[in-house]
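Shown next, in structure tokens, is the structure this report addresses.
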Amino acid sequence: MSEDSDHGKGEHASLARRRAAVLPSWLDTLYSEPIDIVSGSGRHVRDAEGNNYLDFFGGILTTMTGHAVPEVTEAVAAQAGRILHSSTLYLNRPMVELAERIAELSGIEDPRVFFTTSGTEANDTALLLATAHRCSNQILALRNSYHGRSFSSLSVTGNRAWSPSSLSPVQTSYVHGSRRRGTPFAGLDDAEFTAACVNDLEDVLAQLHGNVACLIAEPIQGVGGFTAPPDGMFARFREVLDRHGILWISDEVQTGWGRTGEHFWGWQAHADNGPPDMITFAKGVGNGLPIAGVVARAEVMESLEGNSISTFGGSPLTAAGALANLEHHLRNDLRGNAREVGAVLRAELSEAEALPAVGEIRGRGLMLGVELLRSDGSPAPELAAETTEQARARGLLIGKGGLEGNVLRIAPPLSLTEQEARQGARVLLEALRVSC
């Protein structure tokens, strides 16, 4: 079969060579021999060489409801047959209807919604709003965080593996709040860790020049390896922030839309004193369509004095597809499914805790991480890389992350069935035993 045939052996190698010739080397891929995913259905995908996989990564936590969901594809096709694009200079019914739904679900009082095309751009917008509202370029962010790949979002990313430049348009100070292993807080229990992080926040604020714009934080750190603060910690942070008038931005690009199973938004695990001032969202709401955005209190959203538009944010096509996707999600209670099936998956993976290389299995719902360590307790990125290879060879796609790249990231579509959860867990356990 020739290299150019749809399902020929060598198709991936040929495409990889062509990719290397025209795309930058720092645009990373999974696997020593990358694969080209050409079709999917439900929780399963197929590559260009005819191999089938159970998808436990969902295009980096993006395929929320599943591949080729009929309601979504039909909505996109119907809208494409009417008009693809108009921009925010014109009224746009799908955008307005989607904004109304997200505003209702946000929990923010008197909310306003602005649409973008990616989580990176959503976080950029939130930083712009915060700095304009507070007339300050001072930002607080968490250590081990990731907020996107643009200049400003990288400037609030506390993970060196994803921050290629020390240059910054803002002054960022990093506080503790999530990762414990490998830090002075490693031996603390939840209450002690929360108290230590609050004290650290107070100490950092004492070093700054008074007027700080915001704290931006992921309720569960995605690229950081699915590390999470104890429940209620951001409520404690909020007490400190409120005393100083500092805004709280909850980056829900990965935790939003019910992925944790327990709540619709990650911030709701810290809801003692109300919602954040802003929520950024992306990924799952579009199920692969490029749509994201910010929902904020009207007072904050209206801080900008200059004119602005968005050429592609909330386009008729993406908004129609996202609205259909969100309604499908709510109608089928996929948050509840994430809670129930996530518990099954977590229980099935518990056997891995007996493996010497498995330092911790953590996470919530269908957002689980497996941290791998060497015999001396140091991070083992080589074991994470090998496990992802072994899982792929057995028909399972997973991701990896963490500060050292030593955490397996497991995040299937929220429509995952119990049978698929058990099947995927068996494959992953086998891959771990071979690799570790």
Side-chain angles (χ1 to χ4, degrees), residues 139-147 156-161 172-208 212 214-244 246 248-252 254-255 259-263 265-276 342 346 350 353 358-365 367-373 377-379 401-409:
I139 308 293
L140 298 171
L142 294 192
R143 300 183 184 200
N144 196 48
S145 58
Y146 176 80
H147 297 289
V156 295
T157 287
N159 184 321
R160 67 176 183 276
T172 304
S173 298
Y174 293 99
V175 298
H176 287 283
S178 185
R179 178 173 166 266
R180 296 189 225 188
R181 188 185 301 277
T183 77
F185 300 158
L188 303 183
D189 63 24
D190 284 356
E192 293 168 334
F193 180 66
T194 297
C197 291
V198 171
N199 290 336
D200 176 63
L201 173 62
E202 296 267 25
D203 183 63
V204 169
L205 285 172
Q207 315 300 316
L208 301 178
V212 175
C214 66
L215 166 74
I216 183 169
E218 305 156 274
I220 298 177
Q221 293 181 325
V223 169
F226 293 173
T227 55
D231 283 358
M233 194 190 76
F234 288 130
R236 294 285 307 281
F237 272 24
R238 185 67 180 272
E239 295 170 5
V240 177
L241 300 177
D242 284 350
R243 287 205 309 271
H244 295 271
I246 299 169
W248 170 26
I249 302 169
S250 187
D251 179 345
E252 302 272 356
Q254 296 196 33
T255 51
R259 178 158 289 280
T260 69
E262 298 176 356
H263 306 285
W265 303 105
W267 69 261
Q268 290 171 313
H270 311 269
D272 292 2
N273 46 9
R346 177 65 181 82
S350 63
E353 292 171 332
V358 175
E360 183 180 23
I361 301 177
R362 57 176 175 257
R364 297 181 177 191
M367 191 175 187
L368 302 176
V370 180
E371 185 163 5
L372 301 180
L373 306 173
S378 63
L403 186 63
E404 305 290 345
N406 65 312
V407 181
L408 305 178
R409 298 170 69 195

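Rounded to the nearest 0.5 angstrom, F237 CZ and N273 CG are separated by 12.5 Å. From T194, atom OG1 reaches atom CZ of F234 across 10.0 Å, with rounding to the nearest 0.5 Å. Between the CG atom of L142 and the CD atom of Q221 there is a distance of 5.5 Å, given to the nearest 0.5 Å. Annotation: the span from M233 atom CE to C197 atom SG amounts to 5.0 Å, rounded to 0.5 Å. Taking OG from S145 and CG from N159, the interatomic distance works out to 7.5 Å, rounded to the nearest 0.5 Å. Interatomic distance, D272 CG to R238 CZ, rounded to the nearest 0.5 Å: 11.5 Å.
When every heavy atom of L403 is checked against every heavy atom of N144, the shortest pair comes out as CB-OD1, 3.4 Å. In plain terms, the two heavy atoms of T157 and H147 that are nearest each other are OG1-N, 3.1 Å. Across all non-hydrogen atoms, the minimal contact from F226 to G369 is CD1-N, 3.7 Å. Of all the heavy atoms in I220 and A228, the pair that sits closest is CG1-CB, 3.8 Å. The two residues W248 and P275 come nearest to each other via the heavy atoms CZ3-C, 4.1 Å. Contact detail for I249 and C214: the closest heavy-atom pair is CD1-SG, 3.7 Å.
There is a side-chain donor-acceptor pair under 3.5 Å between E252 and S250. Looking only at atom types and distance, the side chain of H176 has no donor-acceptor partner in the side chain of D200 under 3.5 Å away.
The pair E353-R346 meets the salt-bridge criterion, with a side-chain N (NZ, NE, NH1 or NH2) lying under 4.0 Å from an Asp/Glu carboxylate O. Salt-bridge formation is detected for the pair R243/E202: a Lys NZ or Arg NE/NH1/NH2 atom is positioned less than 4.0 Å from an Asp or Glu carboxylate oxygen. A salt bridge links D190 with R180: the closest approach of a Lys/Arg side-chain nitrogen to an acidic carboxylate oxygen falls below 4.0 angstrom.
Not one N or O on the side chain of T260 forms a donor-acceptor pair closer than 3.5 Å with the backbone of G365. Looking only at distances, a side-chain donor or acceptor of R362 sits under 3.5 Å from a matching main-chain atom of G225. Checking side-chain atoms of N406 against main-chain N and O of E371 turns up no donor-acceptor pair under 3.5 Å. Judged by distance alone, the side chain of S178 and the main-chain N or O of T227 form a donor-acceptor pair under 3.5 Å.
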Stepwise side chain to side chain contact (heavy atoms under 4.5 Å, CB included) test for M367 and Q254: CA-CA 9 Å; M367 191 175 187; Q254 296 196 33; 4.1 Å; yes

Evaluation steps, side chain to side chain contact (heavy atoms under 4.5 Å, CB included), between L241 and L140: CA-CA 10 Å; L241 300 177; L140 298 171; 4.2 Å; yes

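Counting heavy atoms from C-beta outward, V175 and L205 have side chains that stay 4.5 Å or more apart. The closest side-chain heavy-atom distance from L372 to V358 is below 4.5 Å. In this structure the side chain of E239 never reaches within 4.5 angstrom of the side chain of V198, judged on heavy atoms.
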